[in-house]
Amino acid sequence: MWNEVQETVKYLQDKGFDKPDYGIILGTGLGNLVEKIEIEIAIPYAEIPNFPISTVTGHSGELIFGKIGSKNVIAMRGRFHYYEGWKMDQVVFPVRVMKYLGVNNLIVSNASGGVNPSYKVGEIMIISDHINMMPDHPLHGKNDERFGPRFVDMHEAYSKKMIAKMENIANELNISVHKGIYLALQGPTFETPAEYKMVKILGADAVGMSTVPEVIIGKHMGMECFGISVITDLGVEGKVEAVSHEEVQLVAKKSEKVVGKLVEEFIKQ
Ligand code: HPA
């Protein structure tokens with residue numbers, strides 16, 4: 001993958017993606033966080049060499065370069081999910097590219113189902129740690145030492161410093177946030193009540209279908225990672241109700257202004 005990454009990096013540098021400080025991955029329903037970015041360049045994924053090409057309608061995305069305050073950011077509007085059929089290498093390809101463009105801080109957002117009984121729909125959870133229950137691993141196979149080590153330390157997958165900073169900002173802005181553990185399953189089915197119960201027993205607060213591969217690769221390449229999740233539905237025993245993708249998008253959309261404010265202030269400070 002090394003050569004492909006370098007080729008894509010060169011292409012983006014030639015287009016003006018110049019030394020981004022932060023990489024941001026915008027999750028389901030959170031795409032409009034880009035409103036916080038003074039966009040300088042936006043390139044559809046289909047035009048970027050070596051980027052996976054989505055054939056699923058509504059999942060076409062673009063890579064954005066611009067500014068939040070004085071900081072250069074690169075943002076993915078739309079991510080590649082494992083359940084769409086992408087290989088893990090493809091899911092994490094953009095993160096590798098971000099690193100070689102100069103990104104050392106990765107911010108990842110997503111929508112998730114809350115299994116912690118104190119959580120409510122529409123609330124926000126800062127990810128303190130994760131449990132990887134996906135059936136494949138982005139580092140499965142031969143390791144390329146140029147990217148990072150064979151065995152990756154994950155004792156602080158989510159930067160304590162960034163979490164503390166975000167908690168301060170949430171406090172300042174009077175926004176209440178939870179802090180909890182995200183468990184990743186492959187999807188695309190939402191969980192059965194028994195599965196939500198399993199997720200809780202395993203020690204997680206929320207469950208989703210993304211984020212973990214990207215953070216693993218961020219850590220492989222020595223990035224500081226931060227994750228934020230909108231609780232779009234509840235998988236709490238006795239209260240599990242029908243959930244649809246439309247509902248998930250709707251709730252995420254409602255909360256995106258708040259997430260946007262938090263991320264904007266975080267980067268500015
Ligand atoms: N489960 C898995 N993924 C999700 C959920 C959920 O309940 N909500 C949003 N993404």
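Start at 1 and go down the list; that is how both ligands and their atoms are numbered. Atom set for the values below is all heavy atoms of this structure, side chains included, hydrogens, waters and symmetry mates excluded.
- Taking 4.5 Å as the limit, some side-chain heavy atom of Y22 sits within range of a side-chain heavy atom of K71.
- For ligand 1, residues of the protein lying within 4.0 angstrom by heavy-atom distance are A111, S112, G113, F190, E191, Y196, V207, G208, M209, T232, D233, V248.
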Next on the checklist: Let's go through Y158 and H130 carefully: what are the C-alpha distance in whole Å and the side-chain angles of both, what is the deciding distance for ring pair (Phe, Tyr, Trp, His ring centres under 6.0 Å) to 0.1 Å, and is it a yes or a no?
Outcome noted: CA-CA 9 Å; Y158 298 82; H130 75 219; 5.5 Å; yes
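- In this structure, F17 has its ring center no closer than 6.0 Å to that of Y11.
- Under the 3.5 Å distance criterion, with hydrogens and angles disregarded, no donor-acceptor pair is assigned to the side chains of E84 and Q90.
- For F226 and F266, the gap between ring centers is short of 6.0 Å.
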Could you list the donor-acceptor pairs under 3.5 angstrom formed between side-chain atoms of residues 101-109 and any protein atom two or more places apart in sequence or on another chain?
from, atom 1, to, atom 2, distance (Å)
N104, OD1, K99, NZ, 3.0
S109, OG, I25, O, 3.0
S109, OG, G27, N, 2.9

